[in-house]
Amino acid sequence: MNEIATIVTARHWHRLVDGRLQCDVCPRFCKLRDGQRGLCFVRACDGDRMVLTTYGRSSGFCVDPIEKKPLNHFLPGTPVLSFGTAGCNLTCRFCQNWDISKVSEMDRLNDAAPPEAIAEAAIRLGCRSVAFTYNDPVVFLEYAVDVAKACHARGLKTVAVTAGYMTDAARADLFAHMDAANVDLKGFSEAFYRTLCSGHLDPVLDTLVYLHKETAVWFEITTLLIPGENDGDDELHALAQWVVGHLGPDVPLHFSAFHPDWKMTDRPPTPPATLARARAIAMAEGVHFVYTGNVNDPEGGSTWCPGCGERLIERDWYRLGQWSLAVPEAGGSGLCRSCGSRIAGVFDAKPGDWGAKRLPVRLQSAGR
């Protein structure tokens, strides 16, 4: 496969009166002189232009179950081709993908990956969708958009796994080309974002409201619960109340278990009981679909009808079992077979059968 250019002119920036260039992709608004890089490391000032330095390069590919993103109401049981590049615009001390998101050496990006080749590989591998994940697609926005266009041309869906920390312009640019998203709502306090992520809460909430009000993107929310940091009852009640009040009860909410990593190895893993407590709180506040993640919890991983309590989609880790969902129109919402309650999401008439398989892929050899 031929190498392609890895530096392209970026979008969403402007020149300041002192000659510096300001990046307008995320709320950090990095102000750079020639040769400097933003905090994300991959967006840089190159003379009189802002550039993306990782276009067409990937840190790796893997075929995953779509539930691993996690997305439980978007084409359940189907495989998704997942990939990322490098860099991140947050500095989360608990990052679970720090070996990718915090990388500052471009030689880690080993796979040459033109947009059309990614779409072709996804088709060959039997995937229904392509996910921009491992690091946040907002920092490689131009590349993500071009890959999404190539995927749509081949009939593939696209998925953004993002922290939602972006500006209005970048938000509209990215999500215009996405079919689904999982937004990482890292906590529900400004103090948490400021202290552990060097960011702010409000831009993330703005992203969630934008997705709900301004787009047709199917989205779900994930919060990684860290013992002693964002797992208190008051914060969990407030989070769930905000979701129901601003997004409605049908947006799925995932509570995932933390494991010690990156710069927070001094904290214990999240006890399963904490996840169960968070799930109970959110459901009591009116969230219809609340899931637990990173633990083996068939009850917390399954989809239950908010009307009659029937189990609609049984999940054991990423394996699907019982399927009690009627889907009047493929690609739309489902109905509980017992009581007829509407189940929001994007469903096929039958679930996929990919299961829990995880298949690392070298793009050059995909399909051979």
If I take atom [atom1] from residue [X] and atom [atom2] from residue [Y], how far apart are they, to the nearest 0.5 angstrom?
| X | Y | atom1 | atom2 | result |
| --- | --- | --- | --- | --- |
| His288 | Asp250 | NE2 | CG | 6.0 Å |
| Arg171 | Met166 | CZ | CE | 7.0 Å |
| Asp206 | Tyr165 | CG | OH | 11.0 Å |
| Thr274 | Leu236 | OG1 | CG | 9.0 Å |
| Arg93 | Ser198 | CZ | OG | 10.5 Å |
| Leu185 | Leu205 | CG | CG | 6.5 Å |

Backbone N or O of [Y] within a donor-acceptor pair of the [X] side chain at under 3.5 Å?
| X | Y | value |
| --- | --- | --- |
| Asp146 | Pro115 | no |
| Asp34 | Gly47 | yes |
| Thr167 | Asp24 | yes |
| Thr270 | Leu225 | yes |
| Glu314 | Gly321 | no |
| Gln36 | Arg33 | yes |
| Arg342 | Leu335 | no |
| Asn135 | Gly87 | yes |

[X] and [Y]: side-chain donor and acceptor closer than 3.5 Å?
| X | Y | value |
| --- | --- | --- |
| Asn230 | Ser189 | no |
| Thr222 | Asn182 | yes |
| Asn294 | His259 | no |
| Thr303 | Tyr291 | yes |
| Glu220 | His254 | yes |

Salt bridge flag under 4.0 Å for residues [X] and [Y]:
| X | Y | value |
| --- | --- | --- |
| Glu229 | Arg267 | yes |
| Asp48 | Arg15 | no |
| Asp184 | Lys186 | yes |
| Arg43 | Glu142 | yes |

In one Ile/Leu/Val/Met/Phe/Trp/Tyr side-chain cluster, 4.5 Å: [X], [Y]:
| X | Y | value |
| --- | --- | --- |
| Leu39 | Val51 | no |
| Phe219 | Val138 | yes |
| Leu320 | Val80 | no |
| Leu247 | Phe188 | yes |
| Trp304 | Val290 | no |

Heavy-atom pair of closest approach, residues [X] and [Y]:
| X | Y | answer |
| --- | --- | --- |
| Tyr193 | Gly187 | CE1-O, 3.5 Å |
| Ala282 | Leu253 | CB-CD2, 4.0 Å |
| His73 | Pro252 | CD2-CG, 3.8 Å |
| Lys69 | Ala131 | CD-CB, 3.9 Å |
| Gln22 | Phe29 | NE2-CD2, 3.4 Å |
| Gly334 | Phe347 | N-CD1, 3.6 Å |

Within 6.0 angstrom of [X] [atom1], more than 12 heavy atoms from elsewhere:
| X | atom1 | result |
| --- | --- | --- |
| Asp233 | CG | yes |
| Lys357 | NZ | yes |
| Arg11 | CZ | yes |
| Asp234 | CG | no |

In the structure I gave you, are the side-chain heavy atoms of [X] and [Y] within less than 4.5 Å of one another anywhere?
| X | Y | result |
| --- | --- | --- |
| Phe175 | Thr207 | yes |
| Thr85 | Val42 | no |
| Cys339 | Cys305 | yes |
| Val161 | Val159 | yes |
| Trp242 | Val209 | yes |
| Val8 | Tyr143 | no |
| His177 | Cys151 | no |
| Tyr318 | Lys68 | yes |

query = Run the side chain to side chain contact (heavy atoms under 4.5 Å, CB included) check on Cys336 and Leu312 step by step: do they pass?
reply = CA-CA 7 Å; Cys336 173; Leu312 302 176; 3.7 Å; yes
key: Reference residue Asp179; test side-chain contact (heavy atoms from CB on, under 4.5 Å); the match among Thr158, Leu75, Leu156   =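 Single pass found, and it is Thr158.
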task = Please step through side chain to side chain contact (heavy atoms under 4.5 Å, CB included) for the pair Phe255 and Asp231, ending with a clear verdict.
result = CA-CA 10 Å; Phe255 291 115; Asp231 62 343; over 6 Å; no
task = Starting from the C-alpha separation in whole Å, work towards a yes-or-no answer on salt bridge (Lys or Arg N to Asp or Glu O under 4.0 Å) for Asp297 and Arg279.
result = CA-CA 12 Å; Asp297 179 11; Arg279 181 170 180 265; 5.9 Å; no
message = One pair to check against side chain to side chain contact (heavy atoms under 4.5 Å, CB included): Phe83 and Ile118. What are the steps and the verdict?
response = CA-CA 9 Å; Phe83 83 99; Ile118 294 173; 3.8 Å; yes
request  = Determine, step by step, whether Arg154 and Glu120 satisfy the side chain to side chain contact (heavy atoms under 4.5 Å, CB included) criterion, reporting the C-alpha distance in whole Å, the side-chain angles of both residues, the deciding distance to 0.1 Å, and the verdict.
outcome  = CA-CA 8 Å; Arg154 299 294 298 272; Glu120 180 181 353; 4.0 Å; yes
inquiry  = Using ring centroids (six-membered ring only for Trp), state whether Tyr134 and Phe140 fall under 6.0 Å.
reply    = no
